[in-house]
Structure formats: C-alpha cells, structure tokens
Amino acid sequence: MALSKYTSDIKFIDHNEEVVFNYLSNFENLSQYVNDGLLQKVSEQVPQIKINNFESDSDSCRFDIGGMGQAEIRIINREPFKTIKVESSGSLPVEITFWIQLLPVSPYQTKMKLTLHAEMGMMIKMMAGKKLKEGINQLAEVLTKLPYR
C-alpha cells in the first residue's frame with residue numbers, strides 16, 4: 001500500500017467561514033443533498049460504482065458501494081472555522097484521510113481547499129489515481145454551490 005496525496009484547486013464560497021464551517025462540519029446537512037441527486041450524478045459519471053443506502057448523523061455517514069461493501073466516513077477533528085478532518089473506514093480497499101481547509105477572505109467570502117491522502121495498492125492507484133485528482137476538484141466545486149445557511 002502506498003500513500004498518495006491529492007489537492008483541489010482553491011475555491012471561493014460566498015459566505016463567511018463560520019457559516020461554511022458549521023454547515024460542512026455536520027454531515028446531517030449533506031444527507032438531503034446527497035439523497036436528492038448527488039448519488040445519481042456519481043452513478044452517471046462512474047457507472048461501475050453504485051452507491052446506495054446513504055445514511056448520516058452529525059459526525060459520520062455510511063453507504064454501500066455495489067460489489068465492494070459498506071463504507072463509512074467519520075469526522076475525527078474540527079478546528080472551529082478553519083479545518084474539518086475526515087477519515088474513512090469500512091470494507092473498501094482504499095483508506096482515506098481528508099481535510100477541508102477554510103480561510104476568510106472578507107466578511108462574506110471564504111477560500112476553501114480540499115486535501116485527500118489515500119492509502120491504496122499500486123493496482124488501485126493505476127486505475128483510480130487520475131479519477132481521484134479529478135474527483136477532488138469536482139467535489140470542491142460542488143461544495144461551493146451548497147445551500148449554506
């Protein structure tokens with residue numbers, strides 16, 4: 001298993017860092033959004049991956065990935081208004097640690113960068129490495145468009 005690092009482009013969100021942090025650091029806020037269309041979009045873009053049975057609470061989310069088993073993503077650290085750190089568990093052949101970093105630009109704008117560390121075998125890296133780089137940027141873009149409140 002080898003560790004690979006993927007970093008998103010810096011994105012801007014038109015809300016202050018406290019609002020963004022409070023929204024993203026509670027996975028219950030993501031549940032409706034994920035169930036209302038994100039799973040379908042993932043399945044359309046990557047047809048070999050079928051994600052079902054998405055459930056979440058404030059600290060974690062769980063879902064089934066067709067043919068691979070259940071995955072769980074858990075928030076393991078919150079540094080108020082700056083960083084959210086997430087780790088994976090479950091039966092996937094990839095272990096991830098993921099950071100959402102926030103930095104205020106103005107009272108109504110926040111910079112965001114995502115960083116993903118993925119521990120995976122060489123064969124999986126050859127098949128998924130490029131998709132992970134694209135995926136981290138796509139995820140960052142999606143996070144800029146969430147209905148922050």
Side-chain angles (χ1 to χ4, degrees), residues 1-47 49-65 68 70-90 92-120 124-125 127-149:
M1 299 268 274
L3 181 66
S4 298
K5 180 180 176 180
Y6 303 93
T7 305
S8 74
D9 298 333
I10 293 173
K11 301 291 183 176
F12 293 87
I13 300 172
D14 291 330
H15 294 278
N16 75 43
E17 75 276 10
E18 185 174 349
V19 169
V20 174
F21 177 87
N22 289 335
Y23 191 85
L24 294 177
S25 66
N26 182 348
F27 278 156
E28 288 177 324
N29 292 329
L30 301 177
S31 182
Q32 180 179 0
Y33 180 75
V34 168
N35 285 320
D36 285 349
L38 186 60
L39 293 180
Q40 182 179 344
K41 289 178 186 174
V42 168
S43 294
E44 288 170 2
Q45 291 205 348
V46 188
I49 296 178
K50 298 289 183 208
I51 299 173
N52 301 303
N53 303 324
F54 183 90
E55 300 174 351
S56 64
D57 57 39
S58 62
D59 294 324
S60 65
C61 61
R62 291 157 301 290
F63 48 92
D64 294 323
I65 299 179
M68 298 176 98
Q70 188 173 66
E72 181 176 16
I73 299 171
R74 177 170 296 284
I75 296 173
I76 59 167
N77 189 23
R78 292 174 176 92
E79 185 179 347
F81 319 132
K82 294 180 183 180
T83 309
I84 303 163
K85 185 176 181 182
V86 178
E87 278 187 350
S88 69
S89 63
L92 298 180
V94 176
E95 295 175 26
I96 65 166
T97 304
F98 180 78
W99 291 267
I100 301 172
Q101 297 164 292
L102 305 172
L103 188 64
V105 176
S106 74
Y108 302 103
Q109 191 174 56
T110 302
K111 280 199 286 191
M112 178 189 64
K113 181 172 86 170
L114 307 180
T115 303
L116 171 71
H117 287 180
E119 186 82 30
M120 59 189 146
I124 294 171
K125 182 177 179 178
M127 293 186 319
K130 187 175 179 185
K131 293 278 187 198
L132 287 173
K133 176 61 180 162
E134 293 170 5
I136 197 82
N137 275 317
Q138 289 173 345
L139 178 58
E141 188 62 35
V142 166
L143 293 181
T144 67
K145 295 177 175 137
L146 290 177
Y148 294 97
R149 52 191 179 295

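Note that the coordinates shown come from a computational prediction; the quantities given were computed from them, not determined experimentally.
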Would you name the heavy atoms of Tyr148 and His15 that are closest together and state the gap between them? CB-CD2, 3.6 Å
Just so I know, are the side chains of Glu79 and Phe21 near enough to count as touching, which here means a heavy-atom distance under 4.5 Å? no
Given side chain to side chain contact (heavy atoms under 4.5 Å, CB included), test Thr144 with Glu141 step by step and report yes or no. CA-CA 5 Å; Thr144 67; Glu141 188 62 35; 3.8 Å; yes
Here the pair of heavy atoms bringing Pro107 nearest to Asn16 is O-CB, 3.0 Å
So, taking the atom named CD in Gln138 and the one named CG in Leu132, what distance separates them when rounded to the nearest 0.5 Å? 11.0 Å
With a 4.5 Å cut-off on side-chain heavy atoms, are Asp57 and Arg62 touching? yes
Do Lys11 and Leu143 have side chains that approach each other closer than 4.5 Å (heavy atoms only, starting at C-beta)? no
Would you check if Leu116 and Ile96 make a side-chain contact, meaning some heavy-atom pair closer than 4.5 Å? yes
More than 12 heavy atoms of other residues, nucleotides or ligands under 6.0 Å from CZ of Phe12: yes or no? yes
Rounded at 0.5 Å granularity, tell me how far CD in Gln101 sits from CD1 in Ile84. 10.5 Å
Report the distance from atom CZ of Phe54 to atom SG of Cys61, rounding to the nearest 0.5 Å. 4.0 Å
Leu102 versus Lys82: any side-chain heavy-atom pair under 4.5 Å? no
How far does CD of Glu55 sit from CG of Asp64, to the nearest 0.5 angstrom? 8.5 Å
Under the 3.5 angstrom rule, does the side chain of Lys85 hit a backbone N or O of Ile100 as a donor-acceptor pair? no
Check Ile75 against Leu24 and note the closest heavy-atom contact, atom names and distance. CD1-O, 4.4 Å
Hey, could you give me the OG1/CH2 distance between Thr115 and Trp99, rounded to the nearest 0.5 Å? 7.0 Å
Can you see which heavy atom on Phe98 is nearest to which on Ile136, and at what distance? CE1-CD1, 3.4 Å
Close side-chain approach of Gln70 to Phe63, heavy-atom, < 4.5 Å: no
Can you tell me how far apart CG (Asn22) and CD (Glu17) are? Round to the nearest 0.5 Å. 10.0 Å
For a quick test of reading the model, state the closest non-hydrogen atom pair linking Ser56 to Glu28 and the distance between them. OG-CA, 3.9 Å
Side chains of Tyr6 and Leu114 in contact at under 4.5 Å (non-hydrogen atoms): no
Any Arg74 side-chain heavy atom under 4.5 Å of Glu87 side chain: no
Option among His117, Glu119, Met120 that satisfies the side chain to side chain contact (heavy atoms under 4.5 Å, CB included) test with Ser4: Met120
Residue Lys113 excluded, over 12 heavy atoms near NZ under 6.0 Å: no
How far apart are the closest heavy atoms of Asn137 and Ser8, and which atoms are they? OD1-CA, 3.3 Å
